[in-house]
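Worksheet: the structure to be examined is printed underneath.
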Amino acid sequence: KTSFLVPFAVFKALCNLVVGGLADRYGRKRIAMLGWAVGLIAPTMVLSAPTTPEGWVTVVSSAAFLGMQQGLVWSCMILSMMDLCGADARGFASGLNETVGYTAVAIFAQVYGGIERRVVTCQWKDSVADYTRPPDCVEAAGATGHCSGPDDWMPACAGSCMCTGYTGEPFRVQLALMITGGAITVGLLRETLFIDGAKGKS
């Protein structure tokens, strides 16, 4: 999980640094559309990756594009709301965007959890490969200890529980969300850059 989060965070941070200038120059809507287009790359990469250990490199790399999507789209939504609310209510606009955004994240986290429990299966690596669990793992888990999910891992058993199913349905859902978000942006998002005072008044 750490190897997935690092490229996501780094590329999101980089996009956060430049998105303001890009949105002021080209418009909020255009940059948001660019963000959704970049976001389509992430699930497409994962769904086309081989279901072998080598495919993990592709999964980790896809996180960079997901981070770029978040940095571009989310920031443009904040800027658009600030434009619409005006200079005197920028704090409210930012807070409202964060509240709506993270509420949606919390809801979809529950949806994802349900999908993961249904499609992800795990088993001890020594039951499917030429692998011997470390003695500390056998002792910690017990001879018949279960390996039902990645969050059940014990420190002594790190690397001994093998899970499959992460690169299927969860990323098909992500692809559908990217397409839906892009379509909503194209069809409904109003360009707010040229609203009176949108570029800010000191």
Side-chain angles (χ1 to χ4, degrees), residues 4-5 7-48 59 61-116 118-119 166-202:
F4 186 85
L5 289 172
F8 172 87
V10 169
F11 279 85
K12 183 179 187 299
L14 290 174
C15 284
N16 283 339
L17 284 174
V18 302
V19 67
L22 292 174
D24 279 347
R25 182 171 182 178
Y26 299 106
R28 282 62 162 131
K29 183 171 183 175
R30 287 181 180 176
I31 301 304
M33 289 166 56
L34 173 63
W36 286 115
V38 170
L40 286 171
I41 299 173
T44 303
M45 285 177 64
V46 175
L47 290 171
S48 60
V59 174
S61 300
S62 74
F65 293 99
L66 189 59
M68 292 168 66
Q69 184 269 340
Q70 286 283 297
L72 294 173
V73 174
W74 195 305
S75 296
C76 280
M77 295 301 103
I78 293 176
L79 293 172
S80 293
M81 291 188 73
M82 287 181 173
D83 294 342
L84 290 170
C85 291
D88 293 336
R90 286 178 176 171
F92 169 76
S94 177
L96 179 61
N97 184 280
E98 295 292 306
T99 299
V100 172
Y102 281 106
T103 298
V105 169
I107 292 171
F108 279 104
Q110 297 303 311
V111 174
Y112 175 81
I115 294 173
E116 181 180 302
R118 183 164 54 84
V119 303
Y166 283 108
T167 58
E169 188 171 341
F171 282 91
R172 283 191 284 273
V173 172
Q174 186 184 101
L175 180 61
L177 289 174
M178 294 292 180
I179 294 172
T180 302
I184 291 173
T185 298
V186 171
L188 299 179
L189 183 65
R190 176 186 177 189
E191 178 54 70
T192 62
L193 175 61
F194 305 109
I195 291 177
D196 289 343
K199 287 195 174 184
K201 295 180 181 178
S202 354

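Residues take their numbers from the sequence shown, with the count starting at 1. In this text, all values refer to a predicted model and were calculated from it rather than measured experimentally.
No side-chain heavy atom of C85 sits under 4.5 Å from any side-chain heavy atom of R90. In this structure, V19 and I31 have side chains that are in contact, with non-hydrogen atoms separated by less than 4.5 Å. Taking the side chain as every heavy atom from C-beta outward, M77 and L189 approach each other to under 4.5 Å.
Counted within 6.0 Å of CZ on F11, heavy atoms from surrounding residues, nucleotides or ligands total 12 or fewer; the atom is thus considered open. Within 6.0 Å of CZ in F108 there are 12 or fewer heavy atoms belonging to other residues, nucleotides or ligands.
Atoms NZ and CG, on K12 and L17 in that order, are 10.5 Å from each other to the nearest 0.5 Å. Separation of atoms CG (L14) and CE (M68) is listed at 9.0 Å; rounding is to 0.5 Å. The CZ atom of R28 lies 10.0 Å from the CE atom of M82; values are rounded to the nearest 0.5 Å. Here L47 contributes atom CG and L175 contributes atom CG; the two are 6.5 Å apart, rounded to the nearest 0.5 Å. Of the inter-residue distances, the one linking E116 atom CD with E169 atom CD reads 12.0 Å to the nearest 0.5 angstrom. Between D24 atom CG and L79 atom CG the span is 7.0 Å, to the nearest 0.5 Å.
Closest approach of L66 to F4, counting heavy atoms only: CD2-CZ, 4.4 Å. The minimum heavy-atom distance between T44 and L40, with the atom names listed, is OG1-O, 2.7 Å. Pairing each heavy atom of A42 with each of Q174, the nearest pair is CB-OE1, 3.9 Å. The minimum heavy-atom distance linking Y112 with P170 is given by the pair CE1-CB, 3.6 Å.
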*Take I41 and S62 through the test side chain to side chain contact (heavy atoms under 4.5 Å, CB included) and record every step on the way to the result.*
CA-CA 7 Å; I41 299 173; S62 74; over 6 Å; no

_Derivation of the side chain to side chain contact (heavy atoms under 4.5 Å, CB included) call for I78 and E98_ = CA-CA 8 Å; I78 293 176; E98 295 292 306; 3.4 Å; yes

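For the residue pair W74/N16, the side-chain donor-acceptor check at 3.5 Å is not satisfied.
Looking only at distances, a side-chain donor or acceptor of S48 sits under 3.5 Å from a matching main-chain atom of M45. Judged by distance alone, the side chain of E191 and the main-chain N or O of K29 form a donor-acceptor pair under 3.5 Å.
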